[in-house]
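Written below as structure tokens is the structure these notes are about.
Atoms considered below: every heavy atom in the structure, side chains included; atoms not considered: hydrogens, waters and symmetry mates.
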Amino acid sequence: MKHQALEQLQILAEVDQDYPRQTLTRSQRLERWAQLLEQNPERRLSTLHQTEYQPASQRAAMRGDSTPISVAFDDPVLRAAGLENDSYGEAKRFFQLSDRQLHNVICYCHFGATVNAATAAYYIRRLVPKAGQRGIFSRLRDMFVG
């Protein structure tokens with residue numbers, strides 16, 4: 001798949017930016033990503049090299065062919081929900097992940113040059129809040145307000 005900027009696509013075709021985006025919660029986006037990876041669990045996917053050592057701007061632009069992020073970007077549902085490209089920074093924004101969380105899914109230092117799709121899905125599923133589980137901010141608010 002050839003990746004092009006929106007400006008490049010507008011030269012080639014009419015792009016309707018007002019098309020309504022499908023609304024998915026963070027949990028639904030993460031679940032979808034894990035499900036996509038689990039469709040071919042033995043697939044070897046590329047990792048990104050030393051994400052933790054890159055300056056923030058370079059880390060955000062990092063991408064690779066056949067990565068767990070590119071699997072998400074290849075999905076029309078996630079693209080319709082707002083996933084704009086297959087870069088590290090876009091995955092961080094779209095899936096609402098911290099650098100540490102995304103690093104644990106995608107970085108070379110954990111898996112070597114490739115990661116098994118099922119392994120990436122496992123780490124993504126660990127980021128999905130369990131039913132009834134409340135975040136730390138909700139618990140703190142209850143301590144001080146309620």
H110: partners by side-chain hydrogen bond (donor to acceptor under 3.5 Å, both in side chains), with sequence neighbours left out | H103, N104
Identify the heavy atoms of L102 and A91 that sit nearest to each other, and give their distance.
-> CD2-CB, 4.1 Å
Approximate separation, where rounding is to 0.5 Å, of S27 OG and Q96 CD | 9.0 Å
Is it the case that R63 places NZ or CZ above or below the six-membered ring of Y88, under 6.0 angstrom from the centre and within 45 degrees of the axis?
-> no
Can you tell me how far CD1 of I69 sits from CG of N85, rounded to the nearest 0.5 angstrom?
-> 9.0 Å
Hey, could you give me the OG/CG distance between S70 and D75, rounded to the nearest 0.5 Å?
-> 12.0 Å
What closest approach, in Å, do L36 and A72 show between heavy atoms, and which atom pair accounts for it?
-> CD1-CA, 4.2 Å
Examine distances only and state if a side-chain atom of R79 and a backbone atom of E84 form a donor-acceptor pair shorter than 3.5 Å.
-> no
Residues in ring pair (Phe, Tyr, Trp, His ring centres under 6.0 Å) with F94, at least two apart?
-> none
Quick one: pull up CD1 in I124 and CH2 in W33 and give me the separation to the nearest 0.5 Å.
-> 4.0 Å
Any donor-acceptor pair under 3.5 Å linking the side chain of Q54 with the backbone of T51?
-> no
Return each pair, listed once, that meets salt bridge (charged side-chain N to carboxylate O under 4.0 Å, His left out) where at least one residue sits in residues 102-120; pairs must be two or more places apart or across chains.
-> none
Contacts satisfying salt bridge (charged side-chain N to carboxylate O under 4.0 Å, His left out) that involve residues 98-127 (not counting sequence neighbours) are E31-R125, E38-R125, R59-D99, K92-D99
Measure the shortest side-chain to side-chain distance between P68 and V115 over non-hydrogen atoms and say whether it is less than 4.5 angstrom.
-> yes
Below 4.5 Å, heavy atoms only, C-beta onward: do S87 and M62 meet side chain to side chain?
-> no
Distance col, row T25:OG1 vs Q28:CD, nearest 0.5 angstrom, shows 3.5 Å
Are C107 and E52 side-chain neighbours, meaning at least one heavy-atom pair lies under 4.5 Å?
-> yes
Taking only residues two or more places apart in sequence or in another chain, which ones pass ring pair (Phe, Tyr, Trp, His ring centres under 6.0 Å) with Y108?
-> H49
Distance in Å, F95 CZ paired with L30 CG, rounded so as to fall on 0.5 Å steps = 6.5 Å
Find out whether T67 and L45 are in side-chain contact, i.e. whether some heavy atom of one side chain is under 4.5 Å from a heavy atom of the other.
-> no
N/O donor-acceptor pair under 3.5 Å between S46 side chain and D65 backbone = yes
Tell me, which pairs form a salt bridge (charged side-chain N to carboxylate O under 4.0 Å, His left out) where one or both residues lie in residues 41-51, sequence neighbours left out?
-> none
Between G112 and T47, which heavy-atom pair has the shortest distance, and what is it?
-> O-OG1, 2.7 Å
Which atom pair, heavy atoms only, marks the closest approach of L24 to A81?
-> CD1-CB, 3.8 Å
Output yes when a side-chain donor or acceptor of R29 lies under 3.5 Å from a complementary backbone atom of L78, and no otherwise.
-> no
